[in-house]
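Beneath this line is the structure, given in C-alpha coordinates, with notes to follow.
We're numbering straight along the sequence, starting at 1.
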Amino acid sequence: MAPTSARFDAPDTSFARIWRGFATARLLVAVALLLLQALIQALGQAHSTPFLLLCLAYLAATLAIRLGVARPHAGTLQLGRRWLPTIGVDLLAYSAMQVLQSGGMDYTPLLGLPVLMAAVLGSRSTALGTAAGVTLLLLADATWLWLVASPGATPRLLQAGLTGIGYFVVAFLVQPLAARLTREQEAARRSQMAAAVQAQVNELVIETLTDGVLVIDGADWVRAANPAARVLLNAGRAVPPFSLASNAAWLPLVELSRRTVADGSRQAADVALQHPAHAPCRLHVRTRLTPLREQRAETLCVMFLQDLRDTEARLHTDRLAAMGRMSAAVAHEIRNPLAAIAQANALLDEDLHDPAHKRLTLLVRQNAQRLAKIAEEVLEVSRAQGQLDFTGSIAIPLDDTVRTVCSDWHRHGGRGCGLQVLPEAGDGVHVEFDPDHLRRILVNLLDNALRYVGPGPDALQVRTWTAAGGQALLEVWSDGAPLEPQVEQRLFEPFFSSESRSSGLGLYICRELCERHGAGIAYRRMQRPGAAGPVDGNAFTIAFRHPHPAAADSHFDTIVV
(Lines give C-alpha, C1' and ligand atoms only; values in the text may rest on other atoms or scores of the structure.)
Protein backbone atom coordinates (compact mmCIF):
# COMPACT_ATOMS: atom_id res chain seq x y z
CA MET A 1 0.00 0.00 0.00
CA ALA A 2 1.24 3.49 -0.78
CA PRO A 3 2.45 5.68 2.10
CA THR A 4 -0.19 7.68 3.86
CA SER A 5 0.09 11.25 2.56
CA ALA A 6 -2.06 14.32 2.17
CA ARG A 7 -1.69 17.88 1.01
CA PHE A 8 -0.39 20.22 3.73
CA ASP A 9 -0.91 23.46 1.79
CA ALA A 10 -3.98 24.65 3.68
CA PRO A 11 -3.71 25.01 7.46
CA ASP A 12 -7.19 23.56 8.06
CA THR A 13 -6.87 20.21 6.26
CA SER A 14 -7.84 17.16 8.31
CA PHE A 15 -4.32 15.73 8.36
CA ALA A 16 -2.86 19.05 9.41
CA ARG A 17 -5.25 19.09 12.34
CA ILE A 18 -4.31 15.49 13.22
CA TRP A 19 -0.62 16.41 13.16
CA ARG A 20 -1.21 19.37 15.44
CA GLY A 21 -3.35 17.17 17.71
CA PHE A 22 -0.57 14.61 18.13
CA ALA A 23 2.00 17.33 18.68
CA THR A 24 -0.21 18.93 21.33
CA ALA A 25 -0.86 15.56 23.01
CA ARG A 26 2.88 14.86 23.25
CA LEU A 27 3.45 18.30 24.73
CA LEU A 28 0.68 17.75 27.31
CA VAL A 29 2.19 14.37 28.24
CA ALA A 30 5.59 16.02 28.79
CA VAL A 31 4.02 18.73 30.98
CA ALA A 32 2.05 16.10 32.93
CA LEU A 33 5.25 14.14 33.59
CA LEU A 34 6.95 17.23 35.02
CA LEU A 35 3.91 18.02 37.16
CA LEU A 36 3.95 14.45 38.40
CA GLN A 37 7.58 14.80 39.47
CA ALA A 38 6.73 18.07 41.25
CA LEU A 39 3.87 16.30 43.08
CA ILE A 40 6.16 13.44 44.11
CA GLN A 41 8.65 15.91 45.49
CA ALA A 42 5.89 17.83 47.31
CA LEU A 43 4.80 14.59 49.00
CA GLY A 44 8.29 14.24 50.39
CA GLN A 45 9.43 11.33 48.30
CA ALA A 46 12.91 11.26 46.85
CA HIS A 47 13.23 12.07 43.15
CA SER A 48 15.75 10.99 40.57
CA THR A 49 17.80 13.78 39.05
CA PRO A 50 18.45 11.85 35.75
CA PHE A 51 14.70 11.20 35.48
CA LEU A 52 13.95 14.90 35.97
CA LEU A 53 16.53 15.89 33.32
CA LEU A 54 14.98 13.33 30.95
CA CYS A 55 11.52 14.89 31.46
CA LEU A 56 12.92 18.37 30.79
CA ALA A 57 14.63 17.18 27.59
CA TYR A 58 11.42 15.48 26.42
CA LEU A 59 9.46 18.68 27.11
CA ALA A 60 11.93 20.69 24.97
CA ALA A 61 11.67 18.16 22.12
CA THR A 62 7.86 18.11 22.11
CA LEU A 63 7.71 21.90 22.32
CA ALA A 64 10.00 22.21 19.28
CA ILE A 65 7.76 19.81 17.29
CA ARG A 66 4.62 21.70 18.32
CA LEU A 67 6.14 25.02 17.22
CA GLY A 68 6.80 23.57 13.76
CA VAL A 69 10.55 23.03 13.86
CA ALA A 70 10.25 19.48 12.49
CA ARG A 71 6.88 19.74 10.75
CA PRO A 72 6.35 17.64 7.57
CA HIS A 73 7.03 19.35 4.24
CA ALA A 74 4.38 21.59 2.70
CA GLY A 75 3.89 19.24 -0.25
CA THR A 76 2.73 16.12 1.62
CA LEU A 77 1.96 15.26 5.19
CA GLN A 78 4.10 12.16 5.61
CA LEU A 79 6.40 11.09 8.41
CA GLY A 80 9.34 9.83 6.39
CA ARG A 81 12.51 11.22 7.93
CA ARG A 82 10.37 12.94 10.59
CA TRP A 83 9.92 9.54 12.27
CA LEU A 84 13.05 9.98 14.38
CA PRO A 85 12.31 13.37 16.02
CA THR A 86 8.73 12.30 16.79
CA ILE A 87 8.02 8.61 17.22
CA GLY A 88 11.67 7.75 17.71
CA VAL A 89 12.02 10.31 20.49
CA ASP A 90 8.85 9.01 22.14
CA LEU A 91 10.06 5.41 22.11
CA LEU A 92 13.44 6.38 23.51
CA ALA A 93 12.01 8.70 26.16
CA TYR A 94 9.30 6.34 27.41
CA SER A 95 11.70 3.39 27.49
CA ALA A 96 14.25 5.42 29.45
CA MET A 97 11.54 6.56 31.87
CA GLN A 98 10.57 2.92 32.46
CA VAL A 99 14.21 2.07 33.23
CA LEU A 100 14.89 5.13 35.41
CA GLN A 101 11.54 5.15 37.21
CA SER A 102 11.42 4.80 40.95
CA GLY A 103 8.53 4.04 43.22
CA GLY A 104 7.06 1.20 41.16
CA MET A 105 5.35 3.38 38.53
CA ASP A 106 4.66 1.88 35.08
CA TYR A 107 5.25 4.12 32.05
CA THR A 108 4.69 1.48 29.37
CA PRO A 109 1.07 2.59 28.59
CA LEU A 110 2.57 5.76 27.12
CA LEU A 111 4.04 3.63 24.33
CA GLY A 112 0.57 3.44 22.81
CA LEU A 113 0.88 7.09 21.67
CA PRO A 114 3.76 6.53 19.17
CA VAL A 115 2.03 3.40 17.84
CA LEU A 116 -1.15 5.32 17.16
CA MET A 117 0.77 8.23 15.63
CA ALA A 118 2.68 5.91 13.28
CA ALA A 119 -0.55 4.17 12.24
CA VAL A 120 -2.31 7.46 11.42
CA LEU A 121 0.50 9.49 9.88
CA GLY A 122 2.86 6.83 8.55
CA SER A 123 2.88 4.04 6.02
CA ARG A 124 1.90 0.45 6.84
CA SER A 125 5.52 -0.58 7.23
CA THR A 126 6.11 2.36 9.59
CA ALA A 127 3.06 1.45 11.67
CA LEU A 128 3.92 -2.26 11.89
CA GLY A 129 7.57 -1.53 12.55
CA THR A 130 6.67 0.83 15.38
CA ALA A 131 4.27 -1.75 16.87
CA ALA A 132 6.97 -4.41 16.61
CA GLY A 133 9.51 -2.13 18.27
CA VAL A 134 7.18 -1.33 21.16
CA THR A 135 6.37 -5.03 21.60
CA LEU A 136 10.06 -5.90 21.75
CA LEU A 137 10.66 -3.18 24.35
CA LEU A 138 7.80 -4.51 26.48
CA LEU A 139 9.05 -8.10 26.17
CA ALA A 140 12.61 -7.00 26.95
CA ASP A 141 11.45 -5.22 30.11
CA ALA A 142 9.38 -8.25 31.23
CA THR A 143 12.24 -10.65 30.42
CA TRP A 144 14.66 -8.58 32.48
CA LEU A 145 12.30 -8.73 35.46
CA TRP A 146 11.97 -12.51 34.96
CA LEU A 147 15.75 -12.94 34.85
CA VAL A 148 16.28 -11.05 38.10
CA ALA A 149 13.55 -13.21 39.64
CA SER A 150 11.36 -10.27 40.40
CA PRO A 151 7.93 -11.07 41.88
CA GLY A 152 5.16 -11.00 39.28
CA ALA A 153 7.59 -11.41 36.38
CA THR A 154 5.60 -14.15 34.67
CA PRO A 155 2.31 -12.21 34.58
CA ARG A 156 4.30 -9.18 33.38
CA LEU A 157 5.67 -11.25 30.52
CA LEU A 158 2.18 -12.39 29.52
CA GLN A 159 0.86 -8.85 29.78
CA ALA A 160 3.65 -7.59 27.52
CA GLY A 161 2.73 -10.16 24.89
CA LEU A 162 -0.97 -9.30 24.99
CA THR A 163 -0.19 -5.57 24.86
CA GLY A 164 2.05 -6.14 21.82
CA ILE A 165 -0.75 -8.05 20.09
CA GLY A 166 -3.12 -5.16 20.85
CA TYR A 167 -0.66 -2.69 19.34
CA PHE A 168 -0.40 -4.80 16.18
CA VAL A 169 -4.20 -4.88 15.93
CA VAL A 170 -4.30 -1.09 16.30
CA ALA A 171 -1.70 -0.70 13.54
CA PHE A 172 -3.60 -3.06 11.22
CA LEU A 173 -6.95 -1.34 11.77
CA VAL A 174 -6.00 2.33 12.02
CA GLN A 175 -3.52 2.52 9.15
CA PRO A 176 -6.02 1.52 6.36
CA LEU A 177 -8.56 3.94 7.81
CA ALA A 178 -5.96 6.71 7.73
CA ALA A 179 -5.01 5.78 4.15
CA ARG A 180 -8.66 5.93 3.13
CA LEU A 181 -9.00 9.30 4.82
CA THR A 182 -5.98 10.46 2.83
CA ARG A 183 -7.52 9.34 -0.46
CA GLU A 184 -10.83 10.97 0.35
CA GLN A 185 -9.05 14.15 1.39
CA GLU A 186 -7.13 14.23 -1.90
CA ALA A 187 -10.26 13.45 -3.93
CA ALA A 188 -12.16 16.20 -2.13
CA ARG A 189 -9.31 18.62 -2.77
CA ARG A 190 -9.26 17.77 -6.49
CA SER A 191 -13.04 18.08 -6.69
CA GLN A 192 -12.90 21.42 -4.95
CA MET A 193 -10.22 22.67 -7.35
CA ALA A 194 -12.20 21.39 -10.36
CA ALA A 195 -15.34 23.08 -9.07
CA ALA A 196 -13.44 26.33 -8.52
CA VAL A 197 -11.97 26.20 -12.04
CA GLN A 198 -15.38 25.40 -13.52
CA ALA A 199 -16.93 28.28 -11.61
CA GLN A 200 -14.25 30.64 -12.92
CA VAL A 201 -14.78 29.41 -16.48
CA ASN A 202 -18.55 29.81 -16.17
CA GLU A 203 -18.13 33.30 -14.75
CA LEU A 204 -15.73 34.25 -17.55
CA VAL A 205 -18.06 32.89 -20.24
CA ILE A 206 -21.08 34.68 -18.81
CA GLU A 207 -19.14 37.93 -18.37
CA THR A 208 -17.96 37.90 -22.00
CA LEU A 209 -21.27 36.89 -23.58
CA THR A 210 -22.69 39.40 -26.00
CA ASP A 211 -26.19 38.29 -24.96
CA GLY A 212 -27.52 39.49 -21.63
CA VAL A 213 -28.07 37.00 -18.79
CA LEU A 214 -30.32 37.74 -15.80
CA VAL A 215 -31.06 35.53 -12.79
CA ILE A 216 -34.37 36.54 -11.18
CA ASP A 217 -35.93 35.13 -8.01
CA GLY A 218 -39.60 34.80 -7.15
CA ALA A 219 -39.73 38.30 -5.64
CA ASP A 220 -38.62 39.92 -8.93
CA TRP A 221 -35.14 40.65 -7.61
CA VAL A 222 -32.17 40.33 -9.95
CA ARG A 223 -29.67 38.04 -8.24
CA ALA A 224 -27.05 38.17 -11.02
CA ALA A 225 -26.58 40.11 -14.26
CA ASN A 226 -23.67 40.08 -16.69
CA PRO A 227 -22.31 43.34 -18.20
CA ALA A 228 -24.24 42.84 -21.47
CA ALA A 229 -27.52 42.57 -19.54
CA ARG A 230 -26.82 45.76 -17.57
CA VAL A 231 -26.12 47.59 -20.83
CA LEU A 232 -29.31 46.32 -22.46
CA LEU A 233 -31.33 47.26 -19.36
CA ASN A 234 -29.66 50.67 -19.22
CA ALA A 235 -29.14 49.89 -15.53
CA GLY A 236 -26.37 52.42 -15.07
CA ARG A 237 -24.45 51.68 -11.88
CA ALA A 238 -27.03 49.29 -10.47
CA VAL A 239 -25.32 46.19 -9.09
CA PRO A 240 -27.24 43.00 -8.23
CA PRO A 241 -29.24 42.43 -6.20
CA PHE A 242 -31.74 45.06 -7.36
CA SER A 243 -35.48 44.98 -7.95
CA LEU A 244 -36.57 44.46 -11.53
CA ALA A 245 -39.95 45.98 -10.72
CA SER A 246 -38.39 49.26 -9.55
CA ASN A 247 -38.11 50.59 -13.11
CA ALA A 248 -41.22 51.00 -15.26
CA ALA A 249 -39.23 50.26 -18.42
CA TRP A 250 -38.42 46.75 -17.13
CA LEU A 251 -42.03 45.74 -16.44
CA PRO A 252 -42.27 43.59 -19.63
CA LEU A 253 -39.41 41.49 -18.27
CA VAL A 254 -41.13 41.23 -14.87
CA GLU A 255 -44.31 40.00 -16.52
CA LEU A 256 -42.41 37.43 -18.59
CA SER A 257 -40.54 36.19 -15.50
CA ARG A 258 -43.73 35.79 -13.50
CA ARG A 259 -45.40 33.95 -16.38
CA THR A 260 -42.43 31.58 -16.60
CA VAL A 261 -42.61 30.77 -12.88
CA ALA A 262 -46.39 30.37 -12.96
CA ASP A 263 -46.46 28.09 -16.02
CA GLY A 264 -43.29 26.22 -15.15
CA SER A 265 -42.26 26.17 -18.81
CA ARG A 266 -39.87 27.97 -21.09
CA GLN A 267 -40.95 31.27 -22.58
CA ALA A 268 -39.77 33.28 -25.57
CA ALA A 269 -40.98 36.71 -26.65
CA ASP A 270 -39.94 39.98 -28.28
CA VAL A 271 -40.26 42.94 -25.91
CA ALA A 272 -39.50 46.65 -26.15
CA LEU A 273 -37.97 48.50 -23.18
CA GLN A 274 -38.97 52.16 -23.32
CA HIS A 275 -36.65 54.37 -21.27
CA PRO A 276 -37.36 58.10 -20.92
CA ALA A 277 -35.56 60.23 -23.51
CA HIS A 278 -34.31 57.09 -25.30
CA ALA A 279 -35.42 55.13 -28.32
CA PRO A 280 -37.12 51.81 -27.52
CA CYS A 281 -34.70 48.93 -26.98
CA ARG A 282 -36.11 45.89 -28.76
CA LEU A 283 -35.06 42.55 -27.26
CA HIS A 284 -35.67 38.89 -27.94
CA VAL A 285 -36.06 37.26 -24.51
CA ARG A 286 -35.82 33.55 -23.64
CA THR A 287 -36.44 32.21 -20.13
CA ARG A 288 -35.54 29.01 -18.28
CA LEU A 289 -36.27 27.72 -14.78
CA THR A 290 -33.71 26.32 -12.37
CA PRO A 291 -33.81 24.08 -10.42
CA LEU A 292 -36.46 21.58 -11.41
CA ARG A 293 -39.83 21.74 -9.73
CA GLU A 294 -39.39 18.40 -7.92
CA GLN A 295 -36.31 19.64 -6.08
CA ARG A 296 -37.00 21.42 -2.85
CA ALA A 297 -35.10 24.58 -3.58
CA GLU A 298 -35.83 28.16 -4.50
CA THR A 299 -37.05 28.56 -8.06
CA LEU A 300 -34.96 30.98 -10.10
CA CYS A 301 -35.73 32.31 -13.56
CA VAL A 302 -32.76 32.60 -15.90
CA MET A 303 -33.44 35.14 -18.64
CA PHE A 304 -31.42 35.51 -21.85
CA LEU A 305 -31.61 38.89 -23.60
CA GLN A 306 -30.65 39.33 -27.24
CA ASP A 307 -30.56 42.72 -28.93
CA LEU A 308 -32.70 42.54 -32.05
CA ARG A 309 -30.55 45.22 -33.66
CA ASP A 310 -27.63 42.74 -33.81
CA THR A 311 -29.86 40.13 -35.42
CA GLU A 312 -31.12 42.63 -37.97
CA ALA A 313 -27.55 43.74 -38.70
CA ARG A 314 -26.53 40.13 -39.41
CA LEU A 315 -29.53 39.70 -41.67
CA HIS A 316 -28.60 42.91 -43.45
CA THR A 317 -25.07 41.62 -43.95
CA ASP A 318 -26.39 38.35 -45.34
CA ARG A 319 -28.65 40.24 -47.72
CA LEU A 320 -25.73 42.35 -48.89
CA ALA A 321 -23.68 39.21 -49.50
CA ALA A 322 -26.54 37.72 -51.52
CA MET A 323 -26.86 40.94 -53.49
CA GLY A 324 -23.12 40.87 -54.15
CA ARG A 325 -23.33 37.34 -55.55
CA MET A 326 -26.32 38.31 -57.66
CA SER A 327 -24.50 41.45 -58.91
CA ALA A 328 -21.53 39.32 -59.93
CA ALA A 329 -23.79 36.97 -61.84
CA VAL A 330 -25.52 39.85 -63.59
CA ALA A 331 -22.20 41.51 -64.45
CA HIS A 332 -20.93 38.26 -65.92
CA GLU A 333 -24.04 37.88 -68.06
CA ILE A 334 -24.06 41.43 -69.46
CA ARG A 335 -20.42 41.43 -70.59
CA ASN A 336 -21.11 39.57 -73.83
CA PRO A 337 -24.15 41.67 -74.88
CA LEU A 338 -22.23 44.79 -73.95
CA ALA A 339 -19.29 43.75 -76.13
CA ALA A 340 -21.70 43.14 -79.00
CA ILE A 341 -23.25 46.61 -78.54
CA ALA A 342 -19.79 48.23 -78.52
CA GLN A 343 -18.74 46.35 -81.66
CA ALA A 344 -21.96 47.19 -83.47
CA ASN A 345 -21.60 50.83 -82.48
CA ALA A 346 -18.02 50.88 -83.84
CA LEU A 347 -19.19 49.42 -87.17
CA LEU A 348 -22.02 51.91 -87.33
CA ASP A 349 -19.65 54.77 -86.59
CA GLU A 350 -17.58 53.87 -89.66
CA ASP A 351 -20.58 54.37 -91.97
CA LEU A 352 -21.82 57.64 -90.46
CA HIS A 353 -20.65 61.05 -91.60
CA ASP A 354 -23.21 63.38 -90.07
CA PRO A 355 -21.62 65.14 -87.02
CA ALA A 356 -24.84 64.75 -85.05
CA HIS A 357 -24.84 61.02 -85.68
CA LYS A 358 -21.13 60.90 -84.78
CA ARG A 359 -21.92 62.50 -81.40
CA LEU A 360 -24.56 59.84 -80.77
CA THR A 361 -22.16 56.97 -81.51
CA LEU A 362 -19.56 58.66 -79.27
CA LEU A 363 -22.12 58.83 -76.49
CA VAL A 364 -22.94 55.13 -76.96
CA ARG A 365 -19.25 54.22 -76.92
CA GLN A 366 -18.55 56.20 -73.74
CA ASN A 367 -21.47 54.69 -71.84
CA ALA A 368 -20.61 51.18 -73.07
CA GLN A 369 -17.07 51.65 -71.75
CA ARG A 370 -18.46 52.88 -68.44
CA LEU A 371 -20.72 49.84 -68.15
CA ALA A 372 -17.84 47.53 -69.04
CA LYS A 373 -15.70 49.08 -66.30
CA ILE A 374 -18.47 48.69 -63.72
CA ALA A 375 -18.98 45.05 -64.70
CA GLU A 376 -15.25 44.37 -64.40
CA GLU A 377 -15.12 45.99 -60.96
CA VAL A 378 -18.07 43.92 -59.75
CA LEU A 379 -16.41 40.73 -60.99
CA GLU A 380 -13.14 41.73 -59.36
CA VAL A 381 -14.89 42.06 -55.99
CA SER A 382 -16.54 38.64 -56.35
CA ARG A 383 -13.28 36.80 -57.00
CA ALA A 384 -11.47 34.88 -54.27
CA GLN A 385 -10.40 37.13 -51.41
CA GLY A 386 -8.06 34.76 -49.61
CA GLN A 387 -4.60 35.97 -48.66
CA LEU A 388 -1.83 34.77 -50.94
CA ASP A 389 0.84 32.28 -49.91
CA PHE A 390 4.01 34.34 -49.71
CA THR A 391 6.32 31.32 -49.95
CA GLY A 392 8.19 31.68 -53.20
CA SER A 393 6.21 34.74 -54.34
CA ILE A 394 7.77 37.22 -56.73
CA ALA A 395 9.45 40.30 -55.26
CA ILE A 396 9.17 43.29 -57.60
CA PRO A 397 11.29 46.50 -57.46
CA LEU A 398 9.06 49.14 -55.91
CA ASP A 399 10.54 52.30 -57.43
CA ASP A 400 10.85 50.95 -60.98
CA THR A 401 7.31 49.56 -60.93
CA VAL A 402 5.84 52.83 -59.62
CA ARG A 403 7.75 54.89 -62.21
CA THR A 404 6.52 52.67 -65.06
CA VAL A 405 2.88 52.67 -63.93
CA CYS A 406 2.82 56.44 -63.34
CA SER A 407 4.44 57.12 -66.71
CA ASP A 408 1.91 54.95 -68.56
CA TRP A 409 -1.01 56.46 -66.66
CA HIS A 410 0.14 60.04 -67.27
CA ARG A 411 0.66 59.37 -70.97
CA HIS A 412 -2.79 57.85 -71.53
CA GLY A 413 -5.22 58.97 -68.86
CA GLY A 414 -3.64 61.82 -66.93
CA ARG A 415 -2.54 64.23 -69.64
CA GLY A 416 -2.40 67.82 -68.51
CA CYS A 417 -2.18 66.82 -64.85
CA GLY A 418 0.76 68.05 -62.77
CA LEU A 419 2.07 64.63 -61.67
CA GLN A 420 5.22 64.48 -59.60
CA VAL A 421 6.84 61.08 -58.90
CA LEU A 422 9.25 60.84 -55.94
CA PRO A 423 10.82 57.35 -55.86
CA GLU A 424 12.75 57.58 -52.56
CA ALA A 425 12.67 53.94 -51.44
CA GLY A 426 15.86 53.02 -53.32
CA ASP A 427 16.71 50.61 -56.10
CA GLY A 428 17.33 47.76 -53.66
CA VAL A 429 13.83 47.82 -52.14
CA HIS A 430 11.57 45.01 -53.39
CA VAL A 431 8.04 44.15 -52.28
CA GLU A 432 6.16 40.85 -52.57
CA PHE A 433 3.20 41.97 -54.65
CA ASP A 434 1.58 40.90 -57.87
CA PRO A 435 2.62 43.48 -60.53
CA ASP A 436 -0.83 43.59 -62.15
CA HIS A 437 -2.52 44.09 -58.79
CA LEU A 438 -0.13 46.89 -57.82
CA ARG A 439 -0.80 48.54 -61.18
CA ARG A 440 -4.54 48.22 -60.61
CA ILE A 441 -4.29 49.80 -57.15
CA LEU A 442 -2.08 52.67 -58.28
CA VAL A 443 -4.23 53.42 -61.34
CA ASN A 444 -7.39 53.41 -59.18
CA LEU A 445 -5.83 55.86 -56.72
CA LEU A 446 -4.58 58.13 -59.52
CA ASP A 447 -7.95 58.09 -61.30
CA ASN A 448 -9.67 58.89 -58.02
CA ALA A 449 -7.29 61.76 -57.28
CA LEU A 450 -7.56 63.15 -60.85
CA ARG A 451 -11.19 64.15 -60.24
CA TYR A 452 -10.26 66.63 -57.51
CA VAL A 453 -6.73 67.91 -58.23
CA GLY A 454 -5.96 71.55 -58.96
CA PRO A 455 -4.04 73.01 -61.92
CA GLY A 456 -0.68 73.27 -60.13
CA PRO A 457 2.45 71.51 -61.43
CA ASP A 458 2.71 69.47 -58.21
CA ALA A 459 -1.01 69.00 -57.52
CA LEU A 460 -0.57 65.20 -57.65
CA GLN A 461 2.38 63.43 -56.04
CA VAL A 462 3.35 59.75 -55.85
CA ARG A 463 6.06 58.99 -53.31
CA THR A 464 7.81 55.82 -52.13
CA TRP A 465 10.07 55.47 -49.10
CA THR A 466 11.11 53.03 -46.37
CA ALA A 467 10.44 53.43 -42.67
CA ALA A 468 13.04 53.05 -39.94
CA GLY A 469 12.23 49.35 -39.49
CA GLY A 470 12.63 48.59 -43.21
CA GLN A 471 8.93 48.58 -44.16
CA ALA A 472 8.24 49.88 -47.67
CA LEU A 473 5.55 52.54 -48.13
CA LEU A 474 3.75 54.04 -51.14
CA GLU A 475 1.72 57.24 -50.98
CA VAL A 476 -0.56 59.00 -53.47
CA TRP A 477 -1.21 62.63 -52.48
CA SER A 478 -3.43 65.21 -54.16
CA ASP A 479 -4.33 68.80 -53.29
CA GLY A 480 -8.09 68.15 -53.36
CA ALA A 481 -10.61 69.50 -50.86
CA PRO A 482 -11.01 67.68 -47.53
CA LEU A 483 -13.51 64.87 -47.37
CA GLU A 484 -16.68 65.21 -45.40
CA PRO A 485 -16.66 63.22 -42.11
CA GLN A 486 -19.47 60.88 -43.19
CA VAL A 487 -17.67 60.21 -46.49
CA GLU A 488 -14.35 59.53 -44.72
CA GLN A 489 -15.95 57.00 -42.37
CA ARG A 490 -17.30 54.91 -45.27
CA LEU A 491 -14.45 55.50 -47.68
CA PHE A 492 -13.51 51.84 -48.22
CA GLU A 493 -17.05 50.40 -48.17
CA PRO A 494 -18.32 48.74 -51.36
CA PHE A 495 -20.87 50.56 -53.52
CA PHE A 496 -20.37 53.81 -51.61
CA SER A 497 -19.33 56.91 -53.52
CA SER A 498 -19.86 60.65 -53.37
CA GLU A 499 -19.99 60.69 -57.19
CA SER A 500 -23.26 59.80 -58.88
CA ARG A 501 -21.48 58.31 -61.92
CA SER A 502 -19.13 56.10 -59.89
CA SER A 503 -19.71 52.47 -58.91
CA GLY A 504 -18.15 53.00 -55.47
CA LEU A 505 -15.90 49.95 -55.87
CA GLY A 506 -12.51 51.51 -56.67
CA LEU A 507 -11.20 52.07 -53.12
CA TYR A 508 -12.86 48.90 -51.90
CA ILE A 509 -10.99 46.89 -54.54
CA CYS A 510 -7.74 48.64 -53.55
CA ARG A 511 -8.22 47.57 -49.92
CA GLU A 512 -9.10 43.99 -50.88
CA LEU A 513 -6.05 43.65 -53.14
CA CYS A 514 -3.80 45.06 -50.41
CA GLU A 515 -5.14 42.63 -47.83
CA ARG A 516 -4.60 39.73 -50.23
CA HIS A 517 -0.89 40.53 -50.23
CA GLY A 518 -0.55 41.18 -46.50
CA ALA A 519 -0.46 44.96 -46.98
CA GLY A 520 -2.73 47.73 -45.71
CA ILE A 521 -4.09 51.00 -47.00
CA ALA A 522 -5.14 54.08 -45.02
CA TYR A 523 -6.36 57.62 -45.66
CA ARG A 524 -5.28 60.81 -43.89
CA ARG A 525 -5.35 64.55 -44.43
CA MET A 526 -1.84 65.98 -44.50
CA GLN A 527 0.36 68.81 -45.81
CA ARG A 528 3.00 68.80 -48.51
CA PRO A 529 5.49 71.60 -49.30
CA GLY A 530 4.51 73.64 -52.37
CA ALA A 531 5.90 76.56 -54.37
CA ALA A 532 3.88 79.08 -52.32
CA GLY A 533 4.15 77.25 -48.99
CA PRO A 534 2.62 74.14 -47.38
CA VAL A 535 -0.44 72.76 -49.17
CA ASP A 536 -3.13 70.61 -47.54
CA GLY A 537 -4.24 67.51 -49.40
CA ASN A 538 -5.58 63.99 -49.28
CA ALA A 539 -3.11 61.11 -48.96
CA PHE A 540 -3.67 57.40 -49.45
CA THR A 541 -0.78 55.41 -47.99
CA ILE A 542 -0.02 51.72 -48.65
CA ALA A 543 2.12 49.87 -46.11
CA PHE A 544 3.51 46.75 -47.75
CA ARG A 545 4.05 43.49 -45.92
CA HIS A 546 7.03 43.82 -43.62
CA PRO A 547 10.08 41.83 -44.78
CA HIS A 548 10.64 40.69 -41.17
CA PRO A 549 7.62 38.71 -39.83
CA ALA A 550 8.46 39.55 -36.20
CA ALA A 551 7.97 43.23 -36.97
CA ALA A 552 4.77 42.82 -39.00
CA ASP A 553 2.25 43.06 -36.15
CA SER A 554 0.77 46.27 -37.52
CA HIS A 555 0.88 47.67 -41.03
CA PHE A 556 0.32 51.26 -39.99
CA ASP A 557 2.64 51.77 -37.03
CA THR A 558 5.15 53.51 -39.28
CA ILE A 559 2.85 55.81 -41.25
CA VAL A 560 1.15 57.71 -38.45
CA VAL A 561 2.52 61.26 -38.41
Quick one: [atom1] on [X] to [atom2] on [Y], what's the gap to the nearest 0.5 Å?
X	Y	atom1	atom2	answer
S265	L289	OG	CG	8.0 Å
I521	F540	CD1	CZ	7.0 Å
F544	H517	CZ	NE2	10.0 Å
R440	C510	CZ	SG	8.0 Å
I441	R511	CD1	CZ	12.5 Å
L283	M303	CG	CE	10.5 Å

What are the two closest non-hydrogen atoms of [X] and [Y], and how far apart are they?
X	Y	answer
V453	S478	CG1-CB, 3.6 Å
D399	D427	OD2-N, 4.3 Å
P397	H430	N-CD2, 3.5 Å
A543	Q471	CB-NE2, 3.8 Å
A467	L473	CB-CD1, 4.2 Å
A225	P240	N-CG, 3.7 Å

4.5 Å side-chain heavy-atom contact, [X] and [Y]:
X	Y	answer
L445	I542	yes
N444	L507	no
N538	Y452	no
L233	V222	no
T210	D307	no
L438	L513	no
F433	T401	no
C406	L442	yes

Can you establish whether the number of heavy atoms outside [X] located under 6.0 Å from its atom [atom1] is more than 12?
X	atom1	result
R259	CZ	yes
E424	CD	yes
R525	CZ	yes

Please enumerate all residues that pass side chain to side chain contact (heavy atoms under 4.5 Å, CB included) together with [X], with sequence neighbours excluded.
X	value
E484	Q486, V487
R286	A268, H284, R288, F304
Q527	P534, D536
R258	D220, V254

Under a 4.0 Å threshold between the charged nitrogen and the carboxylate oxygen, would R439 count as salt-bridged to D436?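 So D436 does not pair with R439 through a salt bridge.
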Between E512 and R516 (salt bridge meaning N to carboxylate O under 4.0 Å), is one present in this structure? no
**Prompt:** What pairs of residues pass the salt bridge (Lys or Arg N to Asp or Glu O under 4.0 Å) test when at least one of them lies in residues 227-236, not counting sequence neighbours?
**Reply:**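 Passing the test, one end in residues 227-236: no pairs.
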Results of salt bridge (charged side-chain N to carboxylate O under 4.0 Å, His left out) for [X] - residues two or more places apart only:
X	result
D217	R223
R282	E312
D479	none

Sequence neighbours left out, what passes side-chain hydrogen bond (donor to acceptor under 3.5 Å, both in side chains) with [X]? Give chain and number order.
X	result
Q420	Q461
Q366	none
T287	T260
R190	none

Result for side chain to side chain contact (heavy atoms under 4.5 Å, CB included) between L305 and one of V231, V213, L253, D211 points to L253
Please assess V462 against L446 for the test side-chain contact (heavy atoms from CB on, under 4.5 Å), listing each intermediate value before the final yes or no.
CA-CA 9 Å; V462 178; L446 291 172; 3.8 Å; yes
- Task: Using the side-chain contact (heavy atoms from CB on, under 4.5 Å) rule, take V476 and L460 through it: C-alpha gap first, then chi angles, then the decisive distance, then the call.
- Result: CA-CA 7 Å; V476 177; L460 181 58; 4.2 Å; yes
Next on the checklist: side-chain contact (heavy atoms from CB on, under 4.5 Å), that's the test. Do L214 and W250 meet it? Break it down for me.
Outcome noted: CA-CA 12 Å; L214 293 178; W250 302 337; over 6 Å; no
Verdict with reasoning, W477 to V535, per side-chain contact (heavy atoms from CB on, under 4.5 Å):
CA-CA 11 Å; W477 177 91; V535 180; 4.0 Å; yes
